Amino acid sequence: MGDLNAKADYVFKVVLIGDSAVGKSQLLARFAKNEFNVDSKATIGVEFQTKSLLIDGKMVKAQIWDTAGQERYRAVTSAYYRGAVGAMLVYDMTKRQSFDHMTRWLEELRGHADKNIVIMLIGNKCDLETLRAVPVEDAKEFAEREKLYFMETSARESTNVETAFLTALTEIYGIVSKKTLSADGDSEKSASLKGTAILVDQDANSGAKGGGCCG
Amino acid sequence: MMNILRKDPGLPTDSFYEVRAGFSDGPKTNFRIKAGKTLSEKRWRASFTDEGCLDIGKCLSRIYHGGIHPSIRGEVWEILLGCYDHKSTFEEREQIRQRRREQYAELKESCSRMFPTVGSGKFITARVITANGDLIQDPNVDLGTNPEKPPTLQSEETVAREHDKEIIQWKLALHQIGLDVVRTDRTLMFYEKQENLAKLWDILAVYAWFDKDVGYGQGMSDLCSPMIMLLEDEADAFWCFERLMRRLRGNFRCTGNSVGVETQLDSLANVTQVVDPKLHRHLEHLGGGGYLFAFRMLMVLFRRELSFGDSLYLWEMMWALEYNPELFSLYEGGDETNSKSDTLRLKRKAIRQYGKYERANRRNRARVKPGSEPEPGSVSPLPISVFLVASVLKDRSDKLLTEARGLDDVVKILNDISGNMDAKKTCTGAMKIHKKYLKRQKRHSFQIPWLVSNAS
């Protein structure tokens, strides 16, 4: 994979998926640019941001692909799942339907992406607690059953956004760096998780508000 | 003095499309109203005969060179998009207008019978129906919130069910339209008014029912929004949008595993292969041979790359270049004998009533297949939008070739267009590429059979 600055030790491709208007683009803008746009527009097709960060002394470039939520464009957006080592599965915790659809998004993801992709379930808009329509327990139960990480976030208030991405990226890093010990000496690697077990015990103190990670 | 005249900075159009205080409309607007260049109201009115027949030739080149004055944009767009025949009289157009307004009222009425929020001045953003047809009683009360009434129980017992597949399909789109309406051009003052948001929702909802093959696809709100601002009457705005969709609906049509726009993306790949083979090979090598990175540009015609004002300017230049005087009768399904005699008459004296782009296509077709006349009222093989994207790519060809080492770099380089794209230059560039494409196509037409069939 290319890199305009060519400094990264690792490039991890992560996709953001979920229903329309759950806040995928806002989560990305918050993570990549620390921005929140009150006049955010619908994503048409696929958009994209990168953010470089240090994990375990290594420069990791997260390449995050943001997709349109409307179902009819899945044929196109799912083409971008290829090569993804992580996925943020986003629902709006004030909209039950967007949570109920997680099953279908997960199916879609598992049908197109690498079998061992690291998946983080995200209940966004947790600043709107009074409008909550998805109890934490439901989401936790779902995440446990499907072996996903889980966190509740607020892109607006910047709650847990960094933590959620970092958790996923660190997890990916853990798997990939273990794997590359036996790989050749190429300095920049596009990660592939083939044949790697991803589910390791997660420490509970990662700061998830009411959610925590499971796995 | 000459210098001052030549460098007329023109008048900005910001006052016509006011932005809310504290917001910026993203990229700056380059378009200026320039005396002697922009199609003014005076010039426009002077182009009609007493009966209302329009001499469109001069208007087209004006529009291509200097855009349209915002005060007359709506009515000029109606002609450019083929809502009316420019050769018709004032009276004929008025009759059609009245008939269409009635037709819209009927359409809207049938929609509001199915879902009373249509036409109520309100709109919805939450689902009102499930894919099985179960009606969600009060979309504002989410079923999952009340633990005493689990959703499964509700759908089995009390919830009414819709059985008509077309109605289910339509109702499934309503909340999506709402979710996008609240995110469309919200920096503009115009959409601070609830009634204008509701108008946008109504038109898109009615359109989704009117054109069931397409329904509603994300991006359509971006295309519809300007119509509502330019044409005060809701029905007029609807029909103008409907005409725009005649050109673009193919992009929004979806089958199980493809989106319509992929056809245009394939054309873009073909064009790039012909005019810039090196770039095409590079993109293919990076895994971008499907040109999906151009998806948004083609779907919403550069609305996200340009400011509101400049996208209107780009659109009218495109339509002026593509103008085909047969458009109206083509859309209205006019009878053949009539249009054939029209073509003969046009051949003699009125070729300048075609837009420059359309003219080049016609000339080319006659050349590639000598002896065969262009079909009367036939539409160009490729829309100019494909060449606009090709022009954008060509402008960044060096950068893409030297700096892009992955698909992500391609997307990143193209993302940087926002705010750095010039509508006029892109248009001029597209015309050049089109010319080159036709020339090379001609040269290769003996070796590459598909190019010939593609052009016919």
Side-chain angles (χ1 to χ4, degrees), chain A residues 1-6 11 13 19-22 25 37-50 61-80 82-83 92-101 104 130-135 137-138 188 190, chain B residues 20 23 26 125-127 130 136 142-145 147 151 172-173 175-176 178-180 182-187 215-219 221-222 252-259 261-262 286-287 290 292-300 303-304 403-413 415:
Chain A
M1 261 317 151
D3 172 15
L4 289 172
N5 303 313
V11 180
K13 177 172 173 179
D19 276 11
S20 200
V22 295
S25 306
N37 300 315
V38 275
D39 59 324
S40 178
K41 295 174 180 185
T43 304
I44 309 290
V46 174
E47 292 168 22
F48 150 100
Q49 295 283 343
T50 55
K61 188 164 89 167
Q63 188 190 93
I64 304 161
W65 298 81
D66 183 16
T67 58
Q70 195 182 9
E71 204 169 316
R72 67 162 69 187
Y73 296 129
R74 279 190 209 175
V76 164
T77 53
S78 62
Y80 284 87
R82 210 179 306 124
D92 173 350
M93 57 153 260
T94 70
K95 292 218 171 78
R96 181 73 200 188
Q97 288 258 5
S98 71
F99 176 69
D100 293 340
H101 286 163
R104 280 160 69 196
T130 52
L131 301 172
R132 177 187 285 276
V134 183
E137 295 71 35
D138 290 16
E188 187 184 306
S190 177
Chain B
R20 286 161 68 186
F23 287 88
T125 57
R127 284 169 199 269
T130 68
I136 299 166
D142 223 301
L143 295 175
T145 45
L172 277 170
H175 81 283
Q176 181 70 62
L179 287 173
D180 291 348
V182 296
R183 295 185 287 176
T184 305
D185 293 324
R186 290 308 297 274
T187 54
Y216 174 77
Q218 286 194 295
S221 67
D222 287 63
F252 289 90
R253 276 175 85 161
C254 295
T255 62
N257 49 14
S258 75
V259 183
V261 70
E262 287 173 80
L286 300 179
L292 277 176
F293 48 80
F295 187 94
R296 193 179 69 189
M297 291 187 240
L298 290 170
M299 288 297 265
V300 297
R303 283 244 25 215
R304 300 295 178 86
E403 292 177 25
R405 287 187 281 123
L407 211 49
D408 54 335
D409 299 331
V410 175
V411 176
K412 194 162 206 169
I413 290 166
N415 269 352

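Keep in mind the model is a prediction, meaning the values are calculated, not measured.
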Identify which part of [X] has an atom lying under 4.5 Å from any heavy atom of chain A, answering side chain, backbone, both or neither.
X	answer
B:Ser258	backbone
B:Gln218	both
B:Arg304	side chain

Against chain B, label [X] side chain, backbone, both or neither, depending on which of its atoms sit under 4.5 Å from a heavy atom there.
X	answer
A:Glu47	side chain
A:Asp19	side chain
A:Ser20	both
A:Tyr80	side chain
A:Thr43	backbone

Would you say the side chain of [Y] lies within less than 4.5 Å of the side chain of [X], judging by non-hydrogen atoms?
X	Y	result
A:His101	A:Val22	no
B:Val261	B:Phe295	yes
A:Asp39	B:Arg20	no
A:Val46	B:Leu292	no

Quiz item: Pick from A:Lys61, A:Lys13, A:Gln49: which one makes a side chain to side chain contact (heavy atoms under 4.5 Å, CB included) with B:Asp408?
Solution: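 Considering A:Lys61, A:Lys13, A:Gln49, a side chain to side chain contact (heavy atoms under 4.5 Å, CB included) with B:Asp408 is found only for A:Lys61.
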Practice problem: Quick one: which of B:Arg186, B:Arg296, B:Met299 has the most heavy-atom pairs under 4.5 Å with chain A, could you say? | Solution: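 Of B:Arg186, B:Arg296, B:Met299, B:Arg296 has the most heavy-atom pairs under 4.5 Å with chain A.
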Quiz item: Among B:Gly219, B:Cys254, B:Gly217, B:Ser221, which residue forms the greatest number of heavy-atom pairs with chain A at distances under 4.5 Å?
Solution: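 Winner by heavy-atom pair count: B:Gly217.
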Quiz item: Which residue out of A:Ala21, A:Ser78, A:Ala68, A:Ser40 racks up the most heavy-atom pairs below 4.5 Å with chain B?
Solution: A:Ala21
Practice problem: Let me see the working for A:Asp66 and A:Ser25 under side-chain hydrogen bond (donor to acceptor under 3.5 Å, both in side chains), right down to the final yes or no. | Solution: CA-CA 6 Å; A:Asp66 183 16; A:Ser25 306; 2.5 Å; yes
Quiz item: Is a side-chain donor or acceptor of A:Thr94 paired with a backbone partner of A:Leu131 at a separation under 3.5 angstrom?
Solution: no
Quiz item: So, does B:Gln176 use its side chain to make a donor-acceptor pair with the main chain of B:Ala173 at under 3.5 Å?
Solution: no
